[in-house]
Number of protein chains: 2
Amino acid sequence: MNKKQLIMEKSIELFANQGIKKTSVQQITEYCGISKGAFYLSFKSKDELILAIIDHFMQQITADIDHVVRTNHTKDILYQIFHKIFKAFLQHRDLAKFLMIEQNHSLNKELLTRMQYYHKIADKTFLEMLERIYGESINEIKYDLIYAIKGLINGYADIVIFNNGKLDLDLIATSLVEKVDILAKNITTPFITLETGEMFQDFLIEEISKEKLISMIDTSLKEIEESIEKESLVTLKQHLIEPSYNRAIINGLIENIRNHPDCKWLSYLLRRYIR
Amino acid sequence: MNKKQLIMEKSIELFANQGIKKTSVQQITEYCGISKGAFYLSFKSKDELILAIIDHFMQQITADIDHVVRTNHTKDILYQIFHKIFKAFLQHRDLAKFLMIEQNHSLNKELLTRMQYYHKIADKTFLEMLERIYGESINEIKYDLIYAIKGLINGYADIVIFNNGKLDLDLIATSLVEKVDILAKNITTPFITLETGEMFQDFLIEEISKEKLISMIDTSLKEIEESIEKESLVTLKQHLIEPSYNRAIINGLIENIRNHPDCKWLSYLLRRYIR
DNA sequence: TATACTAATGACTGTTCAGTCAGTTTGTCA
DNA sequence: TGACAAACTGACTGAACAGTCATTAGTATA
């Protein structure tokens, strides 16, 4: 297995059980069965490892949610999103635990900005979804709804993550959809009004440059083996340098790489760039 | 000023800004203008300081909420509680920030148990309140409602704590009351049903012993100066050793000490013991 | 087989920091 | 005034730990 991935997986386990502070690099390398030096071949520092872990998880979830919102056009979106989120929490329980336990805003400024960035994207996606589902009718309360939704997710995430039994994902999603629906149709006194909402969130997510994308493609090409994915990446790279295919083809190529774990984030960024 | 209090206040500031890990005992003592040795006269260890800070805050809020629920008998309770909670968050922004940033489950098992204890009390209090307001009608969804309420508080706490402008406490409370009311009247598909709810929460909050209470009274007596409070404490102590007054008198005595910051928790425990 | 190159090792270094303790100051009371 | 105690000081200690680097193992190429 890829050494970087090995280290990330094993350290997530340790972090989730003991916390970051109490997990030494030594311990991580011992648990991985590698030497301390090998660790520093993969990551420049312990902090970089932590950043990488958080990035990885946030990117997966962000790309997944975006995909659901983009491909669903019925009222079903909300259900799909909740289902996806809680399924991810369940599947990566260790990671989610780690994220919940150590909301390391404190670790460094870097992380704080990073998290704000993902939150902004999430807010924007939720907003798009709410507008799609409910149209104009919720205009006055849309920002308020976003905070309510995030709060609800948080509250129920606790149950999902810290309860070890099996959970009815369908029920939890259905139940939350009902709550949001009830709120959307009945709220008359939002705390976050239109003005304050727009003040809170300036939706300027800076666009990624073509060069950055190409270098990301190059990195991915080195890491993956599957031929279809490789070919798709090469073709996409060519298209970036010199546009030569129509939207449908590009869409298909992006779809080809969407489910490869190492390309999920890249596919999300590509899609946003093309649009 | 009391040295213990000085250390707590100053370190909360530092913790909120830099995180626990990056704040050394050295730095705390320098910021307080005392020596390192003096720190260890007040606290046995850095961990003990952290525990003390968290205990202090949780005890204040727990006692306050309990008081609201106990003394209000109209639908107003919900509003009062939200108002109280968010006012506390605002007033002790540093502390709340510190608590949100480092959900130190990880620090040690001690803290985890401690937090679970306060959560249990909060759950019980919320439950009592919901039953008082809505009666039998919400029986099927009461546990679900508790999680929804906690989630909403969490979501909106973020805004209150990390936004530096002034906030309309009345509006936020009103807005949340509306949300809970809407949910209480419309939810039909709870995620946490009656059975699972009772499974989650076993409401066995162990009772405190008479001896413990008396020793707590003794400690408080040493610390406070106000004569009314002192007299009340002495009388309450006598009553504990040999019951000699009726409920009304005891109630009044407890009320006398309720608003002294060093006695809030004691008054809460006394009230629970007497009942 | 020799050579060149990369991957991996783990003993070592420098630093940070919680906690200690021998000694000093301040306060109290006879 | 002096005896005694309580409060306070800060230089010091030892442990933990992130990060380095000289050396070795492994592998590809000529």
Side-chain angles (χ1 to χ4, degrees), chain A residues 1-54 98 102 104 106-111 218-219 221-225, chain B residues 1-54 98 102 104 106-111 218-219 221-225:
Chain A
M1 197 202 304
N2 185 343
K3 195 132 289 175
K4 230 170 167 164
Q5 236 167 293
L6 171 74
I7 294 173
M8 280 170 76
E9 271 171 37
K10 293 290 188 186
S11 58
I12 286 168
E13 238 181 278
L14 293 172
F15 286 155
N17 291 328
Q18 322 173 324
I20 292 178
K21 189 188 150 189
K22 294 211 173 150
T23 305
S24 68
V25 173
Q26 189 89 278
Q27 205 183 349
I28 293 172
T29 56
E30 273 163 21
Y31 196 44
C32 292
I34 60 171
S35 72
K36 210 173 170 191
F39 175 93
Y40 286 93
L41 292 176
S42 294
F43 297 96
K44 275 215 286 294
S45 67
K46 192 184 176 186
D47 275 11
E48 205 193 76
L49 164 67
I50 295 163
L51 268 181
I53 290 173
I54 287 167
F98 160 71
E102 324 227 2
N104 313 279
S106 56
L107 253 192
N108 50 32
K109 290 264 175 265
E110 181 68 19
L111 228 160
D218 286 336
T219 318
L221 275 173
K222 268 180 229 139
E223 275 168 15
I224 65 172
E225 280 114 43
Chain B
M1 195 203 304
N2 184 343
K3 195 130 290 176
K4 231 171 165 164
Q5 237 168 292
L6 172 75
I7 294 173
M8 279 169 77
E9 271 171 36
K10 293 290 187 185
S11 58
I12 285 168
E13 240 181 275
L14 293 172
F15 286 155
N17 291 327
Q18 321 174 326
I20 292 179
K21 187 187 150 188
K22 294 211 171 148
T23 305
S24 66
V25 172
Q26 189 90 281
Q27 206 183 348
I28 294 171
T29 56
E30 272 163 23
Y31 196 44
C32 290
I34 61 169
S35 71
K36 212 172 170 191
F39 174 93
Y40 285 94
L41 291 176
S42 293
F43 296 97
K44 274 213 287 294
S45 68
K46 193 185 175 186
D47 275 11
E48 204 193 76
L49 164 67
I50 295 162
L51 268 181
I53 290 173
I54 287 167
F98 160 72
E102 323 228 5
N104 314 278
S106 56
L107 255 191
N108 51 33
K109 290 265 176 264
E110 181 68 18
L111 229 160
D218 286 336
T219 318
L221 276 173
K222 268 179 228 140
E223 276 167 16
I224 65 173
E225 280 114 44

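Letters A, B, ... are given to chains in the order of the sequence lines, protein chains preceding strands, and every chain is numbered from 1.
- Under the rule for a side chain to side chain contact (heavy atoms under 4.5 Å, CB included), the partners of A:I53 that lie at least two apart in sequence or sit in another chain are A:M8, A:S11, A:I12, A:F15, A:L49, A:L95, A:F98.
- Bending across the helix from C:dT1-D:dA30 to C:dA30-D:dT1, expressed as the angle between its end axes from five pairs apiece, amounts to 0° (10° rounding).
- When every heavy atom of B:I7 is checked against every heavy atom of B:I28, the shortest pair comes out as CG2-CG2, 4.2 Å.
- Mapping heavy-atom proximity under 4.0 Å, the span of DNA chain C touched by chain A runs 5' to 3' from C:dA8 to C:dG10.
- Contacts of A:T23 classified as side-chain hydrogen bond (donor to acceptor under 3.5 Å, both in side chains), with partners at least two apart in sequence or in another chain: A:Q18.
- Distance check, rounded to the nearest 0.5 Å: CD1 of B:I20 to NZ of A:K21 gives 7.5 Å.
- Residue-level contact check: B:L41 touches the bases, meaning some heavy atom is under 4.0 Å from a base atom.
- Residues that satisfy the salt bridge (Lys or Arg N to Asp or Glu O under 4.0 Å) test with A:E30, not counting sequence neighbours, are absent from this structure.
- With rounding to whole Å, B:K4 atom NZ is found 13 Å from D:dA7 atom P.
- With rounding to the nearest 0.5 angstrom, the SG atom of A:C32 is 4.5 Å from the CG atom of A:L6.
- For the side-chain hydrogen bond (donor to acceptor under 3.5 Å, both in side chains) test, residues two or more places apart in sequence or in another chain that qualify with B:E13 are B:Y31.
- With sequence neighbours left out, the side chain to side chain contact (heavy atoms under 4.5 Å, CB included) criterion links A:S35 to A:A38.
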- [ ] Treat primed atoms plus P, OP1 and OP2 as sugar-phosphate and everything else as base, then score nucleotides 23-28 of chain D 5' to 3': B for base contact with protein heavy atoms under 4.0 Å, S for sugar-phosphate contact only, - for none.
- [x] ------
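- The side chain to side chain contact (heavy atoms under 4.5 Å, CB included) check on B:T219 picks up B:E223, with sequence neighbours excluded.
- Interatomic distance, A:Q27 CD to A:K10 NZ, rounded to the nearest 0.5 Å: 13.0 Å.
- The side-chain hydrogen bond (donor to acceptor under 3.5 Å, both in side chains) test applied to A:Q26 returns no partner, not counting sequence neighbours.
- Here B:N2 contributes atom CG and B:S42 contributes atom OG; the two are 7.5 Å apart, rounded to the nearest 0.5 Å.
- Remark: B:F39 engages B:F43 in a ring-ring contact (aromatic ring centres under 6.0 Å, His included) (not counting sequence neighbours).
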Protein-nucleotides 15-19 of chain D N/O pairs closer than 3.5 Å?
{"from": "D:dA18", "atom 1": "OP1", "to": "A:K46", "atom 2": "NZ", "distance (Å)": "3.2"}
{"from": "D:dA18", "atom 1": "OP2", "to": "A:V25", "atom 2": "N", "distance (Å)": "3.0"}
{"from": "D:dA18", "atom 1": "N7", "to": "A:K36", "atom 2": "NZ", "distance (Å)": "2.9"}
{"from": "D:dG19", "atom 1": "OP2", "to": "A:Y40", "atom 2": "OH", "distance (Å)": "3.3"}
{"from": "D:dG19", "atom 1": "OP2", "to": "A:K46", "atom 2": "N", "distance (Å)": "3.0"}
{"from": "D:dG19", "atom 1": "N7", "to": "A:K36", "atom 2": "NZ", "distance (Å)": "2.9"}
{"from": "D:dG19", "atom 1": "O6", "to": "A:K36", "atom 2": "NZ", "distance (Å)": "2.7"}

